Amino acid sequence: MTLARVDRRAPRSPARPRETGTADPADGPALRRHRRRRSRLTALAFLAPLALYLAAFYVYPLYRNLDLSLRDYTVRSFVAGDAPFSGLDNFRTVLDDPTFGPAMRHTMIFTFVSIAFQYGAGLALAVFFNRHFRLAATLRALFLIPWLLPLIVSASTWSWMLNSESGVLNYALRTVGVAPVDWLNSPHWALTSVIIANIWIGIPFNLVILYSGLQNIPGELYEAASLDGASAWQQFRRITFPLLRPVSAITLLLGLVYTLKVFDLIWIMTKGGPSDASSTLATWSYQLGFGSLLPKFGPGAAVGNILILIALVFGLLYIRVQRRQEA
């Protein structure tokens, strides 16, 4: 009784914020602001190296290329940096040049024929290796060799193979009684030759990307289709190809952007010749800017900007198609 009465009469001390685990109302907003500021600074510290890299190797070169295409640069003004502003005159010069039409046509043929065959062969090989038979991993690794080789090695190898006199391909044609073909020096075959070489180089990239996409398709779908009596072609048309559509889209887009700017392969094999028969926008841009003693920096940069614009248009189309599919 006495203890109970003493306990009821004893004054209770107010609980301290640290003891009850609650924050002081006066310090709460300031503490939260400090934490948010520190988080933002940490995020900026991680983003700074990437931002500097993009600014130095992407933004600044694009700016310089645009500046070159809008000014009348000569060798002297290029060094001195006092070229007069010419507006769109360089673009008009390029569009009025008789080389522009054939170069644009060759670029489109080279790009779309290469992409079509690269994607078709890569998809066929990806489906073939998806069966997981013995030595599949070894054979798949061998198919990656063209992709791993330096491009100068691949181009030089194809130049030797397609040589009109000592090339292995013409030797095979003579063996079966077919007249040899002047692959690299004929205006009718030069573009075909560089397309064949580019297809061979690009197939491994399509194989790797499409094979990884096939790995994400559930095997239960094929088992259910087999139980329903679907043939291999029906399974491919109704299951494989539709489910590979997102992967196929990004594969085709990356192949398009890469193929548009192919320069070294064509330059090593044919130098855009003979008589500009295999000249593309990429090789023409190089010829304008560096192919003579009096380089035309402005028109060469204008051709490069046209290539960038074409790639940008296809990139925006890809984004629009993806949004429609997701909707």
Side-chain angles (χ1 to χ4, degrees), residues 57-58 106-163 167-169 172 183-184 190-217 236 240-241 243-272 278 280-283 286 307-308 310-311 314-315 318:
F57 295 99
Y58 288 89
H106 296 158
T107 301
M108 295 297 104
I109 294 174
F110 178 81
T111 300
F112 289 108
V113 173
S114 296
I115 289 176
F117 280 92
Q118 287 172 356
Y119 177 79
L123 179 60
L125 290 171
V127 173
F128 175 73
F129 285 118
N130 196 41
R131 298 179 179 180
H132 303 291
F133 55 91
R134 184 179 295 180
L135 298 179
T138 303
L139 293 176
R140 193 167 65 249
L142 291 177
F143 270 99
L144 295 179
I145 292 178
W147 194 25
L148 300 176
L149 287 176
L151 201 54
I152 187 173
V153 175
S154 300
S156 301
T157 301
W158 275 99
S159 296
W160 170 76
M161 292 174 60
L162 297 176
N163 187 278
V168 64
L169 190 57
W183 296 98
L184 302 178
L191 185 61
T192 303
S193 301
V194 295
I195 289 176
I196 293 173
N198 191 61
I199 291 172
W200 179 79
I201 293 172
I203 287 176
F205 172 77
N206 288 260
L207 167 62
V208 171
I209 302 299
L210 295 173
Y211 179 80
S212 62
L214 288 175
Q215 301 302 301
N216 295 324
I217 299 178
F236 174 81
T240 304
F241 194 72
L243 294 180
L244 270 182
R245 193 168 297 163
V247 179
S248 298
I250 190 63
T251 303
L252 292 173
L253 176 64
L254 292 176
L256 174 71
V257 173
Y258 171 79
T259 310
L260 277 174
K261 64 182 183 62
V262 169
F263 159 76
D264 34 13
L265 174 71
I266 302 174
W267 191 257
I268 292 172
M269 293 183 65
T270 65
K271 289 184 171 58
S278 60
T280 62
L281 292 178
T283 59
Y286 178 83
L307 272 176
I308 295 174
I310 294 173
F314 281 103
Y318 165 76

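A quick note: this is a predicted structure, and the numbers were derived from the prediction, not measured.
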Inter-residue atom distance L265.CG - W200.CH2, 0.5 Å rounding: 10.5 Å
Counting distance only, does the side-chain N/O of S212 pair as donor-acceptor with the main-chain N or O of I209 below 3.5 Å? yes
Step by step, would you call L256 with I115 a side chain to side chain contact (heavy atoms under 4.5 Å, CB included)? CA-CA 7 Å; L256 174 71; I115 289 176; 3.6 Å; yes
Side chains of L207 and F129: does their closest heavy-atom pair fall under 4.5 Å? yes
Do the side chains of R140 and L125 get nearer than 4.5 Å, heavy atoms only? no
Would you call V257 and F314 a side-chain contact if the rule is heavy atoms closer than 4.5 Å? no
For I201 and S154, which heavy atoms make the closest approach, and how far apart are they? CD1-CB, 3.8 Å
For Y318, does the OH atom have more than 12 heavy-atom neighbours from other residues, nucleotides or ligands under 6.0 Å away? yes
Do the side chains of I203 and N206 get nearer than 4.5 Å, heavy atoms only? no
Parallel, tilted or perpendicular: which one describes the rings of W147 and F205, with boundaries at 30° and 60°? perpendicular
Measure the CZ-CZ distance between F128 and F143 for me, rounded to the nearest 0.5 Å. 8.0 Å
For the atom pair CG (L123) and OG1 (T251), what is the distance rounded to the nearest 0.5 Å? 9.5 Å
With a 4.5 Å cut-off on side-chain heavy atoms, are L210 and V247 touching? yes
Spacing of OG1 belonging to T280 relative to CH2 belonging to W267, to within rounding of 0.5 Å: 10.0 Å
Considering all heavy atoms of both residues, which atom of L184 and which atom of A190 are nearest to each other, and what is their separation? O-CB, 4.1 Å
Considering all heavy atoms of both residues, which atom of N198 and which atom of Y258 are nearest to each other, and what is their separation? OD1-CE2, 4.4 Å
Here the gap from M269 atom CE to T157 atom OG1, rounded to the nearest 0.5 Å, amounts to 10.0 Å
Indicate whether any N or O donor in one side chain lies under 3.5 Å from an N or O acceptor in the other, for S114 and T259. no
Using 30° and 60° as the class boundaries, would you call the ring planes of Y119 and F241 parallel, tilted or perpendicular? perpendicular
May I ask you to test the P246-I250 pair for a side-chain heavy-atom distance under 4.5 Å? no
Looking at every heavy atom in both W183 and S193, which two are closest together, and how far apart are they? O-OG, 3.0 Å
How about CZ on F112, more than 12 heavy atoms from neighbouring residues, nucleotides or ligands closer than 6.0 Å, or not? yes
Audit row: D264, I152, side chain to side chain contact (heavy atoms under 4.5 Å, CB included) steps and yes/no: CA-CA 7 Å; D264 34 13; I152 187 173; over 6 Å; no
Any chance you could measure F263, atom CZ, to I268, atom CD1, to the nearest 0.5 Å? 8.5 Å
So, do T283 and H106 sit near enough that their side-chain heavy atoms are less than 4.5 Å apart? no
Can you check side chain to side chain contact (heavy atoms under 4.5 Å, CB included) on F117 and I195, steps first, answer last? CA-CA 10 Å; F117 280 92; I195 289 176; over 6 Å; no
Of all the heavy-atom pairs spanning Q118 and G202, show the shortest one and how long it is. NE2-CA, 3.5 Å
Between S278 and T270, is there a donor-acceptor pair closer than 3.5 Å when you use the side chain of the first and the backbone of the second? no
Within a strict 4.5 Å, meaning less than it, do heavy atoms of the L151 and V262 side chains meet? no
To check you understand the geometry: which heavy-atom pair defines the closest contact between L214 and V127, and what is its length? CD1-N, 3.7 Å
